[in-house]
Each structure stands twice: as structure tokens, then as C-alpha cells.
Amino acid sequence: MKIESDILNRINNIQWFVNCGKSIEYDVHLNISYIDSWKKAEKHYKKLSWENFTLDANNDLAAFLRNKYSREYSNWNSIAAEGRSFINNELVPKLNVVKEQNELDQDFIGNVSGDILGAIMEHTYKNCKNRPTFFLELLRIYEGGNFPCGWEGGKPPKGNLVVF
């Protein structure tokens, strides 16, 4: 099992953060609250609650695969390593420019990198019926030029994804 080029091409073609501060309509299954500045985005992505939320989403996929698709799950570590290599080589240099331009911290790089790795993993396991797809939802928002950076309220379908 390998990462398909179509997901890597989607990520490489993103115009990163060109619509931050603008409210865009997305075809996602999440409620969205928009914010209007990098400072507000930084407050949200630094919250422990957001870190825990995304960690839970990642763990949901791993547990789902381990329990229902154990043969496919056995490839998890090699797929994750391949995804991290792609992110470090292709994405992090672009993110560093945004980080410096907006005086953001290293957590910004970690948050976006983690979201994108999650989307790569969800896409790679697309043949596993009914798998979680939270990070693919976030990928749609990145593709639209916005930054999903936090969560307010209860777990989906309750609560709102915070987007800059």
C-alpha cells in the first residue's frame, strides 16, 4: 500500500492561505465559525483543546483500521513515514514562508503538517468502507485558501470548526 500521487498533487496545488479572513462556502459536513486575523488563529491553534481534538481524530482512524481492517492497518507506519517525508520536503518550506511573514511560531508548522498527514492517511485508506474523514474535510478548507485552526463546542455534529 502506497500513497497515491493524486493526493500529493492536490496538496502541491494548494494556494496556501490566500483566502484567510474571507468567508468561503465549503461542501463539508462541519459547522464553521470564521475569524479575521492571524493573531486570533494563533490563539486557537495553540489551544490544548484543538491539539486533543485533532489527536482524537487521528486516533479514531487508527482504531477503526486496527479493528476492522487489520491487514491494511499493518502498513500504517510505512505510509505515515512516506507522508512525513513528503510534508517535510514539499510543504514545510512553503509553511515557513507564511510563518515568517506573519510572525507565527513553530506550532503553526506542526498543526498544518499534522492536518495534512491526517488527510494523506485518510485518503490512502479510501477503500476501507466507513473510515473517518475529518482531515479530508480540513483539506478542502486548505484547498480553498483558508486555515482551519480550532474547534469550539462539542464533538461533531455539535460545535464549530474555527477557520481563518
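Looking at D36, its side chain never comes within 3.5 Å of a backbone N or O of G21 through a donor-acceptor pair. With hydrogens and angles disregarded, no donor-acceptor distance shorter than 3.5 Å links the side chain of N58 to the backbone of T54. R131 contributes no side-chain N or O that, together with a main-chain N or O of L61, makes up a donor-acceptor pair within less than 3.5 Å.
Residues K99 and Q106 share a closest heavy-atom pair of NZ-OE1, 3.4 Å. Between E152 and S33, the shortest heavy-atom distance links the atoms OE1-OG, 4.0 Å. Taking each heavy atom of L138 and P148 in turn, the nearest pair found is CD2-CB, 3.7 Å. Minimum heavy-atom separation, F135 to A57: CE1-CB, 3.7 Å. Taking each heavy atom of I3 and G83 in turn, the nearest pair found is CD1-N, 3.5 Å. In plain terms, the two heavy atoms of F86 and I11 that are nearest each other are CE2-CG2, 3.8 Å.
Here D107 pairs with K46 under the side chain to side chain donor-acceptor pair (under 3.5 Å) rule; sequence neighbours left out. Checked against side chain to side chain donor-acceptor pair (under 3.5 Å), R140 has the following partners two or more places apart in sequence or in another chain: E137.
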(Q) Quick one, L161 with V28, criterion side chain to side chain contact (heavy atoms under 4.5 Å, CB included). Give me CA distance, side-chain angles, the key distance, then yes/no. (A) CA-CA 11 Å; L161 178 67; V28 294; over 6 Å; no
(Q) ring-ring contact (aromatic ring centres under 6.0 Å, His included), that's the test. Do F108 and W38 meet it? Break it down for me. (A) CA-CA 10 Å; F108 167 74; W38 280 110; 5.7 Å; yes
Q: Would you please test N146 and Y26 for side-chain hydrogen bond (donor to acceptor under 3.5 Å, both in side chains) and show each step?
A: CA-CA 10 Å; N146 286 106; Y26 291 101; 2.4 Å; yes
Q.
Using side chain to side chain contact (heavy atoms under 4.5 Å, CB included), reason through M121 and I79 one step at a time and then give a plain yes or no.
A. CA-CA 7 Å; M121 299 301 284; I79 294 167; 3.4 Å; yes
Q: Starting from the C-alpha separation in whole Å, work towards a yes-or-no answer on side chain to side chain contact (heavy atoms under 4.5 Å, CB included) for V162 and Y45.
A: CA-CA 9 Å; V162 178; Y45 75 68; over 6 Å; no
Q: With ring-ring contact (aromatic ring centres under 6.0 Å, His included) as the test, would you mind laying out the steps for Y69 and W76 before giving the verdict?
A: CA-CA 11 Å; Y69 293 91; W76 180 273; over 10 Å; no
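A distance of 7.5 Å separates NZ of K40 from CD1 of I35, quoted to the nearest 0.5 Å. The CD atom of E100 lies 11.5 Å from the CG atom of L95; values are rounded to the nearest 0.5 Å. The line from CG of D115 to CZ of F147 is 7.5 Å long, rounded to the nearest 0.5 Å. Separating the CG atom in L136 from the CD1 atom in I120 is a distance of 10.0 Å, to the nearest 0.5 Å. Between atom CG of residue L91 and atom CD1 of residue I109 there is a gap of 8.0 Å, rounded to the nearest 0.5 Å. Distance check, rounded to the nearest 0.5 Å: NZ of K22 to CZ of F164 gives 10.5 Å.
Counted by atom type alone, N67 and Y73 present zero donor-acceptor pairs between their side chains at under 3.5 Å. Under 3.5 Å, the side chains of N160 and Y34 contain no donor-acceptor pair of N or O atoms.
In terms of hydrophobic clustering, with Ile, Leu, Val, Met, Phe, Trp and Tyr side chains grouped at heavy-atom distances under 4.5 Å, L55 and W50 are assigned to different clusters.
For K94, the NZ atom is densely surrounded, since the number of other residues' heavy atoms within 6.0 Å is greater than 12.
Using bins of under 30°, 30° to 60° and over 60° for the plane-to-plane angle, the ring pair F134/F53 lands in the perpendicular bin.
A heavy-atom distance below 4.5 Å is not found between the side chains of V98 and V112. Considering only heavy atoms from C-beta on, C128 comes within 4.5 Å of L65 through its side chain. Contact check for V92 versus S113: side-chain heavy atoms found under the 4.5 Å cut-off. Using a 4.5 Å heavy-atom threshold, the side chains of Y125 and E72 count as touching.
Applying the salt bridge (Lys or Arg N to Asp or Glu O under 4.0 Å) rule to pairs touching residues 3-18 yields E4-K126, R10-E143, sequence neighbours excluded.
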